[in-house]
Amino acid sequence: MDPGDPTGDPATGERHCTGQDPLLLLQALQTLWSTRERQQLQEEAWRGFAALDDPLAGLLDMLESCRGRRGEGPSLEAWISRQLQCWLQAQPCPSPAQHSLRLKQLQARAIRVLTESPPSLVAPLTSIFQLQHADRSCLLVHVHRLHQEGRFREAVMLGTTLKLQPELDVEKMSVPLLLQDKVALMERYVAGFPDLQRRLLALMDSWCQPGFDIKDVASYHVTAAGAAASGEERLGLAAAQPSSPKCYPEVPRGLKRWRPLGCPVHEGSRGLVSGKEEALCPNAAMWQRLAALRHLCHKRFVEKSLSQENWADHVQGLVGQNPWLQEQLSQLLVSHGDPVTAARCAMGLSLPEERLPAAVAVELRQLSLQGRAAEADSRLEVKDVKDRYYQLPIPRENIHLLASWEDLTRYEGALLQPHQVVGVDLEWTPVFVAGGRPRPSLLQVAVEGHVFLLDVLALSQPPTGQGAQAFSRLVAQLLSDPSITKLGYGMVGDLQKLGASCPALAHVEKQILGGVDLLLVHRQMRVANMPTSGTDRAKGLRGLSLLVQQVLGTALDKTQQLSNWDRRPLCEEQLIYAAADACCLLDVHQALCREPARFHLSEDLAGSRRPRHTERPGAQKPPGLQKASASAAPRQVPVAAVAEGAAPQVPARAFRVVCDNMLQGLARSLRCLGVDARMLGNGDDHRRAAEVARQEGRIILTSGQPFHKLRAQVGAGRCLSVDCSLKAQQQAKAVLKHFNVRVTHADIFSRCQACNCDQYLKVSRDMMKQLMWLSGHQEGPRSSGDKATQSQEVQEPGPAPEAAPGGCTYDRPCRWLQAADLRAETPDMLTNGTRLQLAGVPVGVLRTPGLRHFYCCTRCGKVFWDGSHLDRVATHFRDVLESAPSPCEPSPAPSPASSPF
């Protein structure tokens, strides 16, 4: 056949072009690709597409010609495909009709190319050749082949792109990826298909059945994937014999972070299930209830902060008639006490005797005959509470329960009296099932000599009734009156819950004027480490109860905190507790104002008048709130006692610590300042910190009870107890001062906050654009006008956004990213196996004027760029950096393995 004949071969669909030869265009592009002249490469490609007689067939010719050497460099093929996709979208000519013979012939060729191509070609070929409308049988065969070869991720991504989900077995496709913790990928796979979502949810819930072993599923799917090593590697499983006790250790460890409150396997149901959908995932809900039972037993038997009546009320609601939960509860009762104690707690729970241990069942029958043990214990508890805890300073008749709009009208004058100080608190019934939202039940307002308990449940029903309107109006007036000083403890969180329950009070926390949050005052006291009497005896206390102990000398009784506040009528103990919870705020505030110097506070508590949501530097403060002066700032001292004698100064990059799992925020803050901080995982035991400290020569930072045990294992001066109630930045300052660590501006962001690595690769903006285009995270320019705009943006002069205080910038002395650092077949992956996290780079950042470079962590692939975060960190840690040289002054050159951000 004459090569110039444009008719071509109708049997194959191939057309012989009278325009430019596609293979010659490919050769020209390959030459430019090797020189990395991206701008010229793109212009040549678009000119070549316009010169082709049939661009779609020409693309297939180019892809088919590279088939023999595709393993060496598929990056150019993916780039050409995406460029043609952009070029076609910019053309005024319409695409071929979906059902035309020519398009079907091209689709057949494209499918053959797709079966031998890397995943990077799936999206552009699908768009160009409309493969979602092609012959689905061929596509399904290819998806099944990928799955049989162990390429599970590619199979799911192809099925998602081509909308093949209804014709594929969701269990077969999802299980291998769930074993690898790729839940997000499966969520995208079933998005838009409610039936598949329910089936996937049911599958993950079946993994939560008691007695289920994840190893059985893993073994089956390794066998189904074939004996090839690639199948086991892609599942992330160890190559071990099925009989080995350590078979597939990666699966349980990898899935541990997805556990739904104690579920032994996958937590995919946690992300998809809510309280009202509990019936859809009964097994996952059962594990959530078991976790709640453990929490309640700890409150009752270890902390002793929950009364028997309230404990039994919650437990009965959680267990119900579920046999498995009844058995688990019986075991918990025995583990927390002797048979007599377990029998006393089992009274009134309707537990079948056959599910109780024999000794507990015998004691329960004897107690039932006596009928007096529980009541006697209750009376002793109440007497003990009255003797040891904060006592309500007003008579019982001065506690007023307001449950109607008439009650609100009667006491409105006392509640809204100008220039008074009121204590505000909120009570709600705790929710122990994931997805549930606590509903406010009672709002307490304490004034001098009286406490008013506003029944939120009664006043808010019906929502448009007279009582609801009067309640919303009164609360809004109370909070917005700047002449009334409102006291609270975590007041913003309480008001947010109230606003979520009452639509008329939505965002009411942003309208408060004249508020003093004693939670912020308490944090200032703890930063100052003030030597308040009674602090040593306050072990086990927290929150408001601890503040009352430190200021007034007696703790606040919290035994009714977890009671059922939705029950009506409220019992006498609940009314007394609710009144004391609000009234103690007035007493604490009065004591702090009377002796502020004793607690290292300013005289007017101005520093505590900022609501929690305005604490960030630069945030706008609501009107009517006083600003804290510099003289009112509390004195910063180390959290733990400083050893005698001044410690030698330690450079930040030479300081190495290991933080337990309660101090992960502290570890990230220290990494911001260049400290080598390793953190334990949520599932790691505290003893692991001692092992790491000994092996790697690190200092242990811990909180709570493990401090004494860990200090004994590593020696004096190698373990520090940190107050976990402080913010991470405050903790970091205290640690740096305690060990006399010197931090300079060059240390800021010299380590990756995500993985603690100190080795980066510098990437130019142009190369970052190319990497994002090749990886599918950004499309190329649509027209020449766009190209001109981008060129102008790149050349626009201006300072780098990452300017340190004083107007100076940093040029990180790290190595530039080279072509040899990237894998040829996957351009977004380093040769060491690290995949660059390009999805986290917003496209708009690439157009930021003055931004020249990006920095990639060589261990985790996280991408960083210059922004305002350097200024923020320098501002937050200004007092730590005061003794360091300014960013304009010369400083010692960093080591080659570090990059000073």
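Across L720, V692, L710, V657, a single residue satisfies side chain to side chain contact (heavy atoms under 4.5 Å, CB included) together with I700, and that is L710. Of the listed residues (L701, L726, D723), just one forms a side chain to side chain contact (heavy atoms under 4.5 Å, CB included) with Q731, and that residue is L726.
The side-chain contact (heavy atoms from CB on, under 4.5 Å) test applied to P842 returns V845, W865, not counting sequence neighbours. Residues passing the salt bridge (Lys or Arg N to Asp or Glu O under 4.0 Å) test with R688, sequence neighbours excluded: E691. Legend: residues meeting side-chain hydrogen bond (donor to acceptor under 3.5 Å, both in side chains) with T834, ordered by chain and number and at least two apart, are N832. Partners of E696 according to the salt bridge (Lys or Arg N to Asp or Glu O under 4.0 Å) rule, which considers only residues two or more places apart in sequence or in another chain, are R678, R698. Considering only residues two or more places apart in sequence or on other chains, Q729 meets the side-chain hydrogen bond (donor to acceptor under 3.5 Å, both in side chains) condition with H876. Residues passing the side-chain hydrogen bond (donor to acceptor under 3.5 Å, both in side chains) test with Q753, sequence neighbours excluded: none. Scored by the side-chain contact (heavy atoms from CB on, under 4.5 Å) test, A754 finds C752, C860, K862 as partners (sequence neighbours excluded). Listed by chain and number, the residues in a salt bridge (Lys or Arg N to Asp or Glu O under 4.0 Å) with R823 amount to none (sequence neighbours excluded).
Applying the ring pair (Phe, Tyr, Trp, His ring centres under 6.0 Å) test to every pair with at least one member in residues 655-677, sequence neighbours left out, gives these pairs: F655-F739. Within the structure, every pair that satisfies the salt bridge (charged side-chain N to carboxylate O under 4.0 Å, His left out) test and touches residues 655-673, not counting sequence neighbours, is listed here: R656-D676.
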Stepwise side chain to side chain contact (heavy atoms under 4.5 Å, CB included) check, T702 with C719: CA-CA 7 Å; T702 184; C719 183; 3.9 Å; yes
Stepwise side chain to side chain contact (heavy atoms under 4.5 Å, CB included) test for T831 and L822: CA-CA 5 Å; T831 54; L822 299 172; 5.9 Å; no
Derivation and outcome, side chain to side chain contact (heavy atoms under 4.5 Å, CB included), residues C857 and C755: CA-CA 9 Å; C857 176; C755 69; 3.4 Å; yes
R523/K727 under side chain to side chain contact (heavy atoms under 4.5 Å, CB included): CA gap, chis, key distance, verdict: CA-CA 9 Å; R523 287 175 178 170; K727 290 185 176 181; 3.4 Å; yes
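M662 CE: 12 or fewer foreign heavy atoms inside a 6.0 Å radius.
Note that CZ of F599 and CE of M525 are 5.5 Å apart. Values are rounded to the nearest 0.5 Å. Once rounded to the nearest 0.5 Å, the distance linking OH of Y760 with SG of C856 reads 10.5 Å. Rounded to the nearest 0.5 Å, atoms CG (L666) and CD (Q730) are 11.5 Å apart. Distance check: M767 CE to F854 CZ gives 13.0 Å after rounding to the nearest 0.5 Å. Atom CE of M491 and atom CG of L518 lie 8.0 Å apart (nearest 0.5 Å). Taking CG of N756 as the start and CE of M679 as the end, the distance is 8.0 Å to the nearest 0.5 Å.
Residues V650 and N740 are not in side-chain contact: their nearest non-hydrogen atoms beyond the backbone lie 4.5 Å or more apart. Side-chain contact between Q818 and L761: absent, with no pair of heavy atoms (C-beta onward) separated by less than 4.5 Å. Residues R859 and Q759 fail the side-chain proximity criterion, which asks for heavy atoms closer than 4.5 Å. For the pair L670/R751, no side-chain contact is recorded, criterion being any heavy-atom separation below 4.5 Å from C-beta on. In this structure the side chain of D766 never reaches within 4.5 angstrom of the side chain of Q770, judged on heavy atoms.
Closest approach of V741 to A652, counting heavy atoms only: CG1-CA, 3.7 Å. The minimum heavy-atom distance between A667 and C659, with the atom names listed, is CB-SG, 3.8 Å. For G490 against L519, the heavy-atom pair with the smallest separation is N-CB, 3.5 Å. Between V763 and M768, the closest heavy-atom pair is CG1-N, 3.8 Å. Closest of all the heavy-atom pairs between Q664 and L680 is NE2-O, 3.3 Å. Residue D821 comes nearest to R815 through the heavy atom pair OD2-NH1, 3.1 Å, listed as atom of the first residue, atom of the second, then distance.
Between the side chains of S750 and D747, not a single donor N or O lies within less than 3.5 Å of an accepting N or O.
Ring pair Y489/H522 is tilted by interplanar angle, where 30° to 60° counts as tilted.
In this structure, the side chain of R153 does not engage the main chain of L177 through any donor-acceptor pair within 3.5 Å.
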